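For the numbers below, each heavy atom of this structure counts, side chains included, while hydrogens, waters and symmetry mates do not. All values derive from a computational prediction rather than experimental measurement. Just so you know, residue 1 is the first one in the sequence shown, and it goes up from there.
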Amino acid sequence: MTDPTDLPRPSPPPRALDICAGAGGLSLGLTRAGFDVLGLELDPDACDTHRRHVGPCEAADLRTWHPSSIFDLVAGGPPCQPFSVAGLGLADADERYLIPDFLRIAREADARAIMIENVRG
């Protein structure tokens, strides 16, 4: 008979951080894909909706937030107006230009992968 202590233990699910999580659409997909997800959202109402319907969400400013743990994946859809055709194209002169902070957080979280969502135009 096999000793139960010799059986492999299930590994914990991979962890994902959803930046600019909004009400949680991407977080929901990541959760259904097997990730343990933490949302990060500036808007407190969106963060509350995320919490009620998807799972944990911290109301925080991406520009000053620092992860306190490791995440396998850092994902999200930071505002595209600073660099999109439809926006003014101000890039880093636009306060909504959060790509550098997105990448900083991914480095600080020791992420194995990142996923940045964007829309056409």
| query | Hydrophobic clusters join Ile, Leu, Val, Met, Phe, Trp and Tyr when side-chain heavy atoms are under 4.5 Å apart, directly or via other members; which others share one with Met115? | reply | Leu26, Leu30, Phe35, Val37, Leu73
| said: Testing the basics here: between Ala21 and Gly39, what is the closest heavy-atom pair and its distance to 0.1 Å? | reply: CB-CA, 3.9 Å
| field | Closest contact, heavy atoms only, Pro78 versus Cys20 | value | CA-SG, 3.7 Å
| salt bridge (Lys or Arg N to Asp or Glu O under 4.0 Å) contacts touching residues 30-49 (sequence neighbours left out) | Asp48-Arg52
| query | Quick one: CG on Leu98 to CG on Leu42, what's the gap to the nearest 0.5 Å? | reply | 9.0 Å
| query | Any salt bridge (Lys or Arg N to Asp or Glu O under 4.0 Å) pairs touching residues 55-64, not counting sequence neighbours? | reply | Asp61-Arg63
| note | side-chain hydrogen bond (donor to acceptor under 3.5 Å, both in side chains) pairs touching residues 10-30, sequence neighbours excluded, are Arg15-Ser69, Asp18-Ser27, Ser27-His50
| Residues clustered with Val54, ILVMFWY side-chain links under 4.5 angstrom | Leu28
| request: Taking salt bridge (Lys or Arg N to Asp or Glu O under 4.0 Å) as the test, write out the residues that go with Glu117, two or more places apart. | output: none
Donor-acceptor pairs are to be reported for all side-chain atoms of residues 104-113 against protein atoms at under 3.5 Å, with residues two or more places apart or in another chain.
unit_1	atom_1	unit_2	atom_2	d
Arg104	NH1	Trp65	O	3.0
Arg104	NH1	His66	ND1	3.1
Arg104	NH1	Glu108	OE1	3.1
Arg104	NH1	Glu108	OE2	3.3
Arg104	NH2	Leu62	O	2.9
Arg104	NH2	Trp65	O	3.2
Glu108	OE1	His66	ND1	2.8
Glu108	OE2	His66	ND1	3.2

| query | What's the spacing between Leu17 CG and Ile114 CD1 if we round to 0.5 Å? | reply | 12.0 Å
| task | Using side-chain contact (heavy atoms from CB on, under 4.5 Å) as the criterion, list what pairs up with Pro44, not counting sequence neighbours. | result | none
